[in-house]
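Report on the structure given below.
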Amino acid sequence: MAQVAVVVKILPEDVETPLNELKTRIEQSLPQGYQVKASDEEPIAFGLKALRLLIAMPEETEGGTEPLENLLMGIPGVSQVEVEAVYRLP
């Protein structure tokens, strides 16, 4: 089964939200076939940092990245989700 890589930028609800805990909650919430492959933090402003994740998911997912975006928005501590890039994994 082919997979696609999705790069998402996740903004926490506030500056106090620990990004490592947020990443752990996200990893535990992902359905079977989805996996966080890489992560980093991006400074935004005034101490706020965004969590950037590279998530591998099945290519045949109906609705594209929308189900993933909706899942991420439902996780406590997540304020905004932005898909930055989508590409097919070899």
Distance-only donor-acceptor pairs under 3.5 Å for side chains of residues 37-48, two or more places apart:
{"residue": "K37", "atom": "NZ", "partner": "Q35", "partner atom": "OE1", "Å": "3.2"}
{"residue": "S39", "atom": "OG", "partner": "K23", "partner atom": "NZ", "Å": "3.3"}
{"residue": "E42", "atom": "OE2", "partner": "K9", "partner atom": "NZ", "Å": "3.2"}

*Work out which heavy atom in G33 is nearest to a heavy atom in P58; give both atom names and the distance.*
O-CD, 3.4 Å

*Pairs involving residues 24-33, ordered by first then second residue, that meet side chain to side chain donor-acceptor pair (under 3.5 Å) (sequence neighbours left out)*: none

*asked:* Is any side-chain heavy atom of L22 closer than 4.5 Å to one of N20?
replied: no

For residues 63-77, run the donor-acceptor check on the side chains, cut-off 3.5 Å, and write out each pair with its distance to 0.1 Å, sequence neighbours left out.
{"residue": "T65", "atom": "OG1", "partner": "E69", "partner atom": "OE2", "Å": "2.8"}
{"residue": "N70", "atom": "ND2", "partner": "E66", "partner atom": "O", "Å": "3.4"}

In residues 10-18, what donor-acceptor pairs under 3.5 Å come from side-chain atoms, sequence neighbours left out?
{"residue": "D14", "atom": "OD1", "partner": "E16", "partner atom": "N", "Å": "2.8"}
{"residue": "D14", "atom": "OD1", "partner": "T17", "partner atom": "N", "Å": "3.1"}
{"residue": "D14", "atom": "OD1", "partner": "T17", "partner atom": "OG1", "Å": "3.3"}
{"residue": "T17", "atom": "OG1", "partner": "D14", "partner atom": "O", "Å": "3.4"}

Taking only distance into account, with no hydrogens and no angle test, what donor-acceptor pairs under 3.5 Å do side-chain atoms of residues 80-90 form with protein atoms, sequence neighbours excluded?
{"residue": "E84", "atom": "OE1", "partner": "R52", "partner atom": "NE", "Å": "3.0"}
{"residue": "E84", "atom": "OE1", "partner": "R52", "partner atom": "NH2", "Å": "3.0"}
{"residue": "R88", "atom": "NE", "partner": "E59", "partner atom": "OE1", "Å": "3.3"}
{"residue": "R88", "atom": "NE", "partner": "E59", "partner atom": "OE2", "Å": "2.8"}
{"residue": "R88", "atom": "NH2", "partner": "E59", "partner atom": "OE1", "Å": "3.3"}

_L54 side chain reached by V36 side chain, heavy atoms, under 4.5 Å_ = no

*V7 with L53, same ILVMFWY side-chain cluster at under 4.5 Å*: no

